[in-house]
Amino acid sequence: MKKSLIALAVLAASGAAMAQSSVTLYGIADVVIHKDKGASAALTSGGVSGSRLGFKGTEDLGGGLKANFLLEQGFSIDSGATAAGQAFSRQSYVGLSGGFGEVKLGKMWTAYDDIAGATNPVFDSVLAPTGIWASSGYAANPANGLYYATPDFGGISGAVSTTLKEGTGIQSTAFHAKYEGGPVFAGFAYQIDKVGAAETKFTRVNGSYDLGMAKLLAGYGLVKATGAADVTDFTIGADVPLAANIVLSAGYASSKADGGARANSYGLGVAYVLSKRTTVYGGLRNDNAVATAAGGVDSRYGVGVKHTF
């Protein structure tokens, strides 16, 4: 019996040694200094991408099957603060991937979030006009999540996600379908956030077409919430390469509740790629009076730097 156990232990150790595995430390440090009308100048973390520090790993289990994990903590680079009470506030999951696609269990971005900002102009940043959108108010990375993404079928793929209530009081269920082929991107996403008897339904349709001299951007959003008027969002914009490492982005966004006045915003930004890992950016955004009254920024201009590692 002892010899059998020893043999099994040696075999297991040998298999572990043969399996290919890796762990990577990565992160983003992104901060913007901006001035909003009627307010003092401020440093804001995550002007384009949320600042983060993460660990991700994969192990080849053979036969095309892999085990994966990711632990990602968001932080404010202007203060060094992290989310109180959360060791990994952005994502923390483990899962399997292979020819069937990928399954993730834990805390991760929803299937709706995968599509939500894909075609937002001005780099989907704090300078983007889509900051006035109601369809951006979904639960982006709820806890206790289950997520499945399909393989790519000739440019067509999809994903579905849901959460268990498990003491949080909120349940989020979402799915998306998208096509990416050549110059074309098209995505559809839907999410329902439920809290008790109340629910909010988010619909998003995004698309882009790369002409070479410019990439055209468009988006549509619809929000239906219990006891509230429906809200419709849309945006149009373009990313224009001025040089190999300079991109100009501009766009217009609108948001309107049924029976209400229209909120709109314009944005303009420039990104200058200094290296594969470092980009500086700047621009401005202007919201109309309706958007400002609802929590918009009236007018904003700023410059920032994003570094990845």
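What you see is a predicted model; the values in this text were computed from it and never measured. Computation of the quantities below employed the complete heavy-atom set of this structure, encompassing side-chain atoms and omitting hydrogens, waters and symmetry-equivalent molecules.
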Within 45° cone of Y26 ring axis and under 6.0 Å: K56 NZ or CZ:
yes

Classify the angle between the aromatic ring planes of F175 and F188 as parallel (below 30°), tilted (30 to 60°) or perpendicular (above 60°).
tilted

Will you find, in the side chains of T58 and N68, an N or O donor that is under 3.5 Å from an N or O acceptor?
yes

Apply the test ring pair (Phe, Tyr, Trp, His ring centres under 6.0 Å) to residues Y266 and Y252: give CA-CA distance (whole Å), side-chain angles for both, the deciding distance (0.1 Å), then the verdict.
CA-CA 5 Å; Y266 300 87; Y252 164 79; 5.1 Å; yes

To the nearest 0.5 Å, tell me how far F55 CZ sits from F88 CZ.
6.5 Å

In terms of side-chain heavy atoms, does Y147 have a donor or acceptor partner in D114 at a distance below 3.5 Å?
yes

Using a 4.5 Å cut-off on heavy atoms from C-beta on, say whether the side chain of V303 contacts that of I33.
yes

Output for pair (K201 NZ, Q191 CD), nearest 0.5 Å, gives 13.0 Å

For the rings on Y281 and F123, is their centre-to-centre separation under 6.0 Å?
no

Pick from N286, T292, L284, D36: which one makes a side chain to side chain contact (heavy atoms under 4.5 Å, CB included) with S299?
N286

Could you tell me if D30 and S51 have a donor-acceptor pair between their side chains, going purely by distance under 3.5 Å?
no

For the atom pair CZ (R285) and CG (D298), what is the distance rounded to the nearest 0.5 Å?
10.0 Å

With rounding to the nearest 0.5 angstrom, report the CG to OG1 distance, L70 to T24.
10.0 Å

